[in-house]
Protein chains: 2
Amino acid sequence: MKLTTKMRYGTRALVDLALHQDQQPVPSGEIAERQQMPVKYLESILVLLRNAGFVRTTRGAMGGYSLAHDPADISLAELFDVLEGPDALVACTDGPDCDRYDGCVTREVWARMYAASREVLEETTLADLVSRAREKQHASGNMYHI
Amino acid sequence: MKLTTKMRYGTRALVDLALHQDQQPVPSGEIAERQQMPVKYLESILVLLRNAGFVRTTRGAMGGYSLAHDPADISLAELFDVLEGPDALVACTDGPDCDRYDGCVTREVWARMYAASREVLEETTLADLVSRAREKQHASGNMYHI
DNA sequence: ATAATCCCCACTATACACATAGGAATAGGA
DNA sequence: TCCTATTCCTATGTGTATAGTGGGGATTAT
């Protein structure tokens with residue numbers, strides 16, 4: 001039941017962008033270096049984030065990525081829907097995809113699990129992660145790691 | 001973030017066993033047929049469940065599988081620990097496996113997500129699923145599907 | 001013009017889900 | 001007691017999705 005790297009990297013990339021919002025657009029190379037993730041793979045995730053409207057891109061020299069919205073307006077649940085997809089956890093929680101749908105008792109448990117997970121993500125905004133990251137930076141003197 | 005089939009099949013297999021506890025040991029073929037899952041794959045999961053002490057096996061003709069404990073004493077969380085493993089969701093929630101451990105703000109969210117999921121599973125026992133299954137059988141007249 | 005940057009395509013590696021083949025143990029009948 | 005069908009058990013092979021790599025084209029500031 002691993003969380004995909006898309007979600008983990010995607011989240012950290014957005015936090016990184018939020019921490020450097022004041023500057024010029026941030027190139028993928030900088031994010032990748034700070035966040036210790038493969039550039040090319042990160043770029044493929046940034047495409048998804050752009051298509052979903054989370055980030056804006058500026059092409060060419062001095063270009064890069066920037067947040068499209070205020071971090072306080074972005075919940076991790078929205079991100080989750082894009083990067084993990086609508087049938088995260090199990091494929092059958094939201095529709096009768098399998099023969100056992102009506103009589104299935106395990107599905108109800110997985111649905112409760114999904115709801116509980118998603119509630120945590122709904123409660124957490126990008127801004128929460130950013131302020132938490134700033135606290136930690138102050139405590140440790142480490143500018144980069146998130 | 002899909003739940004593995006190990007967990008899904010394993011849970012349904014145990015519910016199936018609980019529903020046929022009164023009889024002789026239940027052969028894997030019967031479980032597989034009722035639960036519509038590949039026999040050989042099911043058997044590989046039953047090995048894990050045997051090693052973890054959830055089921056007892058009887059070899060040879062008239063053999064099969066039976067529950068080792070009362071369904072009321074088995075929470076889905078215990079099953080989860082065996083079939084999804086200790087680092088379900090992400091590998092780093094319980095120890096400093098990565099360089100970013102101390103400063104990582106996303107890890108805390110994944111940890112809360114994990115805790116929320118697991119709480120749902122702690123609250124649910126095999127007996128809960130079994131009684132729910134019996135209700136549904138009565139309602140639909142369907143003896144087998146779970 | 002040049003360097004920096006996003007963007008697209010195709011390829012490789014790894015893990016999980018599932019299948020196949022056979023071996024070992026046991027119950028029950030001849 | 002021996003034979004045979006039944007069953008668990010182990011090991012290995014195959015398909016598919018995710019993770020990650022690499023090359024090169026399009027765009028833009030300087």
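All figures in this text were calculated on a predicted structure; none of them were measured in a lab. Hydrogens, waters and symmetry mates are skipped; everything else that's a heavy atom, side chains included, is used. Naming: A, B, ... by sequence-line order, numbering from 1 per chain.
Between B:Tyr9 and the phosphate of C:dC18, there is a side-chain N or O to OP1/OP2 separation shorter than 4.0 Å. For C:dC18, the OP1/OP2 oxygens have a side-chain nitrogen or oxygen of B:Thr5 closer than 4.0 Å. In this model, the phosphate group of C:dT5 is not approached by any side-chain N or O of A:Thr58 to a distance below 4.0 Å at OP1 or OP2.
Looking at heavy-atom distances under 4.0 Å, B:Arg50 makes contact with sugar-phosphate atoms alone, never a base. Residue-level contact check: B:Ser44 touches neither bases nor backbone, having no heavy atom under 4.0 Å from any strand. Contacts of B:Ser28 with the nucleic acid, taken as non-hydrogen atoms under 4.0 Å apart, involve only primed sugar atoms and P, OP1 or OP2. Residue-level contact check: B:Gly64 touches the backbone only, with heavy atoms under 4.0 Å from sugar-phosphate atoms and none from bases.
The base of C:dG22 lies close enough to the side chain of B:Lys40 for a donor and an acceptor atom to sit less than 3.5 Å apart.
Interatomic distance, A:Met7 CE to B:Thr106 OG1, rounded to the nearest 0.5 Å: 9.5 Å. In this structure, CG in A:Leu48 is found 6.5 Å from CG in A:Leu83, a value given to the nearest 0.5 Å. Considering OG of B:Ser75 and CD of B:Glu123, their distance stands at 10.5 Å, rounded to 0.5 Å.
With rounding to whole Å, A:Met1 atom CE is found 16 Å from D:dT18 atom P. Between the CD atom of A:Glu30 and the C1' atom of C:dC6 there is a distance of 14 Å, given to the nearest Å. Residue A:Lys2 contributes atom NZ, which lies 11 Å from atom P of C:dA17 at whole-angstrom precision. A:Ile45 places its CD1 atom 14 Å from the C1' atom of D:dT21, with the value rounded to the nearest Å. For B:Gln24 and D:dT6, the CD to P distance is 16 Å, given to the nearest whole Å. If you measure from atom OH of A:Tyr41 to atom P of D:dG23, you get 20 Å, rounded to the nearest angstrom. The separation between A:Arg59 atom CZ and D:dG25 atom P is 14 Å, rounded to whole Å. To the nearest angstrom, P of D:dA19 lies 17 Å from CD of A:Glu43.
The side chain of A:Pro38 lies closest to D:dT21 when the candidates are D:dT21, C:dA4, D:dC9. Set against D:dA29, D:dC8, C:dC6, the side chain of A:Met62 has D:dA29 as its closest nucleotide.
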For B:Leu79 and B:Phe54, run side chain to side chain contact (heavy atoms under 4.5 Å, CB included): C-alpha distance rounded to whole Å, both residues' side-chain angles, the deciding distance at 0.1 Å, then the answer. CA-CA 8 Å; B:Leu79 197 56; B:Phe54 287 98; 4.2 Å; yes

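Nearest-nucleotide mapping onto DNA chain D: of A:Gly60 and A:Arg8, the residue sitting toward the 5' end is A:Arg8.
Around atom CD of A:Glu122, more than 12 heavy atoms belonging to other residues, nucleotides or ligands sit under 6.0 Å away.
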